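These notes concern the structure reproduced below.
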Amino acid sequence: MSRDTFDPTIYNKSDNQPISAVLEKELTRRGILKRGGAVAAFSALAGFGLTGCNDNDSDDVATPAEPTPPVEQPLTLGFESIAGSKIDAVAIPAGYSAFVLAPWGTPLNANANPWKDDGTNTAEDQLNAVGMHHDGMHFFPLGEGTTEGILCINHEYIDSSALHPEGPTENDGVRPTEEARKEINAHGVSVIHIRLEDGIWDVVPNSEYNRRFTSGTEMDVAGPIADSDKNLLITKYTEEKGNAKIARGTNNNCGNGHTPWGTYLTCEENWPGYFVRKDDKENWTAEQVRLGIDDEETRYLWETVPASEENETGEFARFNITPSGADATEDYRNEANGHGYIVEIDPYTPTSRAVKRTALGRFRHEDCSFGNVAEGKPVVFYSGHDGRFEYIYKFESKELWDPADASPSDRLATGAKYMNEGTLYVARFSTEGVGQWIALTPDATTTKGERLGDVEGFATVAEILLNTPGAADLLGATPMDRPEWTAVDPKTGAVYVTLTNNTRRDNEDDDPDNDTNVANPRANNRFGHIIRWTEGEEPTSFDWEFFLFGSPAAGDSETNKSGLDSLNELASPDGLAFDERGILWVQTDNGASEVKDQTNDQMLAIVPSELKMAEDGSPVVNSTNQDQLKRFFVGPNGCEVTGLAFNNDDTSFFVNIQHPGNWPFSNNAAEITPEGTEVRPRAATVVIMKEDGGAIGV
Ligand code: FEO
Ligand code: CA
Ligand code: CA
């Protein structure tokens, strides 16, 4: 976290140390973590001291000796790569511990009963407890941020068989109110105050910071779609509320992001399946078809709960967006228009509302990461659309970065400043190494030579954003192998994206749209790959290269292009995050049996900033350097490893385990569930610490 971005010490409520102590601590911390950063910090301090304390020009003052710069030590991983693992427990390197934190159902306040292992907790309990299926996550420091903070956790979806005592029920296709409500409340985001005490991180019960956003929470909608005079968000509910810039709930929150001003971003991924339209598809809007609203039933059948006095606000009816009234004020035809966004949350202000930032586009957002900020330059966000043959997007703010905004008094106002107005671009990988960002504006030119704004349905920025991928289709964007997370190297600014897999890419039939292309070169891409790029001088250009190809160790040379072995073989890279030291952490969500037979999903580490693409065109990670890529963590059977957060001195890592099979057995995440024992599975955060208390990974 650079000084140009959010500085957590501003929010230090716990102690007021003298500035000298703070500086000394900061120098020590940065000296350890930044490898050489101490010199720069010391020089700045010395300069400040001379200016402040010695304002005469006397020659008598001894000239301080030039400090000798220390030899820059390359950052290296200080652990041995661990073997693959297939057990009902997590696996970690020697010298580390792993504990369970905030599993599904953990009460956040006094309105929730303790979690019960028979599934009988109520919808009201669930509204006041940690949600299910943990995914993207970020740690927001309190004080120094080493022993206390606020963890924001996405809950992507639910395991209904674990959520209810005997699984989900229905009667003649109708779901019970209480069950549907409990499912809605298990979705969304948990904001959780956590603290390290006696060596264990735990939830601070009843903290004012603790709160839930669910699939039912009312939120604000901002940016071009909210501001459009096309009334794109009007529903029976907004009419009753007298506010057409609101939407209810956030669904399928997968990856995440955060901002340089200290807010959380939660990303709405596979939300179209939560809505259904049942009339003839000829009546549908182009974006409903393109984005894939369901035409039979929703994912969990919430729309089937009958209307009653207690849910007359359309609590469940709104998931059916089939027009039924005279106009949009009488039904929920526009309900889904309030979904598919990057949603901003201020974790430090318990009374604040979530805000959907429509300027960043509407699609199946996997995650959202910001480019390194610089004074006077736009703020940039990257987000991939997770779907086969979907695209990668970049948003560039209209307002230019002011470092004073790193510590604003009103974080959501700062979000409005940088995220409500700007330009959304989509990526075209033109030739090897060369890429272009194509602006999604009415004045863009389609591949047929038309002005985009003259094409039906794309006249205004708001309409273009509402059907973001439909507009990108017309502009020649490159269809990718399911873009998942992006991550930005804090040292170099290079951007990485995981392309998890795409088994439908082929060159074998007469459909050219699914052929391999320059950036997605593998037919039947079962194992996925990672690309990295560097922004060009112009906002419309970038340089790119292949970073890593997933593969089983036993893959032939065409498959195993990165030379992976049994200690780092991986498939379907998905979660991706840099820590502030420049270590890149790669998480997997693998279904390919060649790797699955060897190991459960996992997290690996690499320091990529010094690694270059080989001259022979091999990817950056190749047979000459694959020992740089080390397996650090393996999840329990049945799970996906997803979501990663760090405390401020990197002594505690938070990793999410989603949909485990038969885990956790105890608070020790590495304790194997005994043979013959069946536990009600609980998604959970795992806290990894070094037994000697040191920084992780080095
Ligand atoms: Fe929810 Fe694309 O992973
Ligand atoms: Ca083809
Ligand atoms: Ca994911």
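All values below come from the heavy atoms of this structure, side chains included, with hydrogens, waters and symmetry mates left out. Just so it is clear, the model here is predicted, and its values are computed rather than measured. Read the numbers this way: they start at 1 and go in the same order the structure lists the ligands and their atoms.
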Metal-centred angle, the Ca ion (ligand 2) as apex - OD1 of Asn514, OD1 of Asp509, 10° resolution: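 Between OD1 of Asn514 and OD1 of Asp509, at the Ca ion (ligand 2), the angle is about 100°.
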Are the aromatic ring centres of [X] and [Y] under 6.0 angstrom apart?
X      : Y      : result
Phe632 : Tyr96  : yes
Phe654 : Phe646 : no
Trp271 : Tyr341 : no
His155 : His187 : no

So that I can tick it off, tell me whether Glu183 and Arg175 are bridged by a salt bridge, with the cut-off set at under 4.0 angstrom between side-chain N and carboxylate O.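 Salt bridge flag = yes for Glu183 with Arg175.
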Residues Arg482 and Glu269 bridged, charged N to O under 4.0 Å: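 Here Arg482 does not pair with Glu269 in a salt bridge, since their nearest N and O are not under 4.0 Å apart.
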I'd like to know if the Ca ion (ligand 2) has an N/O/S atom from Asp506 within less than 3.0 Å of it, counting both backbone and side-chain atoms.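 So Asp506 does bind the Ca ion (ligand 2) by this criterion.
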Is atom 1 (Fe) of ligand 1 under 2.8 Å from any N, O or S atom of Glu269? yes
For atom 1 (Fe) of ligand 1, does an N/O/S atom of Glu156 lie at less than 2.8 Å? yes
Protein N/O/S neighbour count - the Ca ion (ligand 3), strictly under 3.0 Å: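 Excluding waters, the total comes to 3.
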Out of the N/O/S atoms in Asp511, what is the name of the one closest to the Ca ion (ligand 2)? O
Atom nearest to the Ca ion (ligand 2) - Asp515, N, O or S atoms considered: OD1
Can you find a heavy atom in the side chain of Asp159 that is under 4.5 Å from one in the side chain of His659?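 They are not in contact (no side-chain heavy atoms under 4.5 Å apart), so the answer is no.
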